[in-house]
Amino acid sequence: MRVNARQYGMVIALVAIVVLFEILTGGLLLTPLNITNLIMQNSYVLILAIGMMMVIITGHIDLSVGSVVAFTGAVSAVMLTSWGLPTPVVVPLALLLGALIGAWQGFWIAYVRVPAFIVTLAGMLVFRGATMAVLGGESIAPLPESLRTMASGFLPGPEVLGLHLPTLALGAAGAAALVWIQWRQRSRARRHGLPMSSTAAAVAVSAAYTAVIMVFAHVLAGYNGLPLVGLMLIALIAGYAFLMRSTTTGRRVYAVGGSEQAAALSGIATQRTTFWVFVNMGALSALAGLVFTARLNSATPGAGTMFELDAIAAAFIGGASAGGGVGTIVGAVIGALVMGVLNNGMSLIGLGVDWQQLIKGLVLLLAVAFDVHNKRRAQSAGSVAPTRSRNRRWGRGRSPGGPGT
């Protein structure tokens, strides 16, 4: 718990926020309808937070994602309405457009060595202006039903006793997968002689995982089942978590963020890694643009405003370090959920936008301050440990050369 205080702290904070607003709203927060709305309303922030976490891990920042969301959404709307292209064609074209935007910015950052802050700040202005040019200052609406289904549709399947069976099945499969991963990690740690928690603690954690997931699945199954965008989020979270934890690509991203010079000396193509991280961010921004445009059922010049700050806040609240090299995909998701529950809960109790902004700002400040505090404490512990080791070996107050040295 002490080693992973930041991650455990954010999970505990999320649970505390949920309990607090469940009480303040008189039980409205955890109703099936509101949970479904939470998933749909925060889907684009969760998508952006995944990509932003990877960008921040490499030691960079991306201020352009909100404008890219607006631009790709506007271009998609034009392709659907003016050009008459079908949705299955527009979706991959929009993702390709986002990837090209990410490649453009990644080139300047990785190869020309222009700071990411400057490049993406320029991108924020460029693509906001391009959005206005594409839309001509007007909104495009309505959009085809096939696109709206992406953001507002539900997983099809039969119901029994008012419960959506595919949602319950997915919940059971997800719980089983998490428990299997946990015990597989314990087995690997035991095989390599690494420290691990007690068996009783591991069983308790597995039971908690299973209970939370199944309760969540039961709540969704009692309404319309799992939203399609929720299924998309599950696939993204699982895929990117595996990428960052268990692949060479993920280790390279962490290495570049930890020390780019050391990573280059160890043979990692640091420029190429940074380049592809921004390509990935562009593609995820385009996906978020499609989801947001579909949910809004229109493309507007003001779409995506402040989305970059929501994504950055989610990453830092979820455990990212401003210095790079630290962070997890699950942490980004937790951070985004903290922001989402705060927004939803404060809206349900009728808190004004002014107070909502104030509280979210304080939460972000406290999260980063907590990160700085943990880092300083870890550095202090690291500097004290060698001294204690020498004292145990040579005797307190004595040098290796003996009393006369």
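- Between Arg128 and Glu308, no side-chain nitrogen of the basic residue sits less than 4.0 Å from a carboxylate oxygen of the acidic one, so the salt-bridge criterion is not met.
- Between Leu233 atom CG and Met40 atom CE the span is 11.0 Å, to the nearest 0.5 Å.
- Between Ala286 and Leu95 the shortest heavy-atom distance is CB-CA, 4.0 Å.
- Checking side-chain atoms of Ser187 against main-chain N and O of Trp183 turns up no donor-acceptor pair under 3.5 Å.
- Between Tyr111 and Arg272 the shortest side-chain heavy-atom distance falls below 4.5 Å.
- Note that the CD1 atom of Ile334 and the CG atom of Leu14 stand 7.0 Å from one another [nearest 0.5 Å].
- Contact detail for Leu48 and Ala311: the closest heavy-atom pair is CB-CB, 3.8 Å.
- With contacts defined as side-chain heavy-atom distances shorter than 4.5 Å, the pair Leu170/Leu155 qualifies.
- Checked by atom type and distance alone, the side chain of Asn34 never pairs as donor or acceptor with a backbone atom of Leu30 at under 3.5 Å.
- Between the side chain of Thr328 and the backbone N or O of Gly331 there is at least one donor-acceptor pair closer than 3.5 Å.
- Under 3.5 Å, the side chains of Thr87 and Ser146 contain a donor-acceptor pair of N or O atoms.
- The heavy-atom pair separating Gly327 from Ile57 by the smallest distance is O-CD1, 3.6 Å.
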Task: Stepwise side chain to side chain contact (heavy atoms under 4.5 Å, CB included) check, Tyr44 with Arg295 - done: CA-CA 10 Å; Tyr44 54 88; Arg295 175 165 176 77; 5.5 Å; no
Task: From CA spacing to verdict: side chain to side chain contact (heavy atoms under 4.5 Å, CB included), Ile17, Leu342 - done: CA-CA 7 Å; Ile17 291 170; Leu342 278 174; 4.2 Å; yes
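- Between the side chain of Ser76 and the backbone N or O of Ala94 there is no donor-acceptor pair closer than 3.5 Å.
- Other residues, nucleotides and ligands contribute more than 12 heavy atoms inside 6.0 Å of the CG atom of Leu265.
- Under the salt bridge (Lys or Arg N to Asp or Glu O under 4.0 Å) criterion, Glu22 pairs with no residue at all, not counting sequence neighbours.
- Taking both residues in full, the closest heavy atoms of Val69 and Ala288 are given as CG2-CB, 4.1 Å, listed atom of the first, atom of the second, then distance.
- No side-chain heavy atom of Thr249 sits less than 4.5 Å from a side-chain heavy atom of Trp276.
- Looking at heavy atoms from C-beta onward, Leu29 lies in side-chain contact with Val18 at the 4.5 angstrom threshold.
- Of all heavy-atom pairs spanning Ala151 and Ala294, the tightest one is CB-CB, 3.8 Å.
- Ile268 contributes atom CD1, which lies 10.0 Å from atom OG of Ser259 (distance to the nearest 0.5 angstrom).
- Residue Tyr254 places its OH atom among more than 12 non-hydrogen atoms of other residues, nucleotides or ligands, all under 6.0 Å distant.
- Ala264 approaches Thr270 most closely through the heavy-atom pair N-CG2, 3.7 Å.
- The backbone N or O of Leu351 sits less than 3.5 Å from a side-chain atom of Gln356, completing a donor-acceptor pair.
- For the pair Met150 and Leu228, the minimum side-chain heavy-atom distance is 4.5 Å or more.
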TODO: For the pair Val253 and Leu243, evaluate side chain to side chain contact (heavy atoms under 4.5 Å, CB included) and give the outcome as yes or no after the intermediate values.
DONE: CA-CA 10 Å; Val253 172; Leu243 174 73; over 6 Å; no
Open item on the list: If you apply the rule side chain to side chain contact (heavy atoms under 4.5 Å, CB included), what do you find for Val45 with Met339, and how did you get there?
Closed with: CA-CA 9 Å; Val45 177; Met339 298 294 289; 5.9 Å; no
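- A distance-only check finds a donor-acceptor pair linking the side chain of Asn42 to the backbone of Leu38 [under 3.5 Å].
- Residues Phe307 and Phe292 bring their aromatic ring centres within 6.0 Å.
- To the nearest 0.5 Å, the span separating OG1 on Thr58 from CE on Met53 amounts to 11.5 Å.
- No hydrogens or angles considered: a donor-acceptor pair under 3.5 Å links the side chains of Ser64 and Gln105.
- Under a 3.5 Å cut-off, the side chain of Asn297 and the backbone N or O of Leu143 do form a donor-acceptor pair.
- Looking at heavy atoms from C-beta onward, Tyr209 lies in side-chain contact with Gln182 at the 4.5 angstrom threshold.
- To the nearest 0.5 Å, atoms CZ (Phe21) and CG (Leu28) are separated by 13.0 Å.
- Of the possible donor and acceptor atoms, one in the side chain of Thr305 sits under 3.5 Å from a partner among the backbone N and O of Gly302.
- Side chain of His60 to backbone of Ile109: no donor-acceptor contact under 3.5 angstrom is found.
- For Ala99, the side chain to side chain contact (heavy atoms under 4.5 Å, CB included) partners two or more places apart in sequence, or in a different chain, are Val279, Ala283.
- In this structure, Thr120 and Phe278 have side chains that are in contact, with non-hydrogen atoms separated by less than 4.5 Å.
- No side-chain heavy atom of Ser67 sits less than 4.5 Å from a side-chain heavy atom of Thr131.
- In this structure, the separation between CG on Leu46 and CG on Leu284 is 11.5 Å, given to the nearest 0.5 Å.
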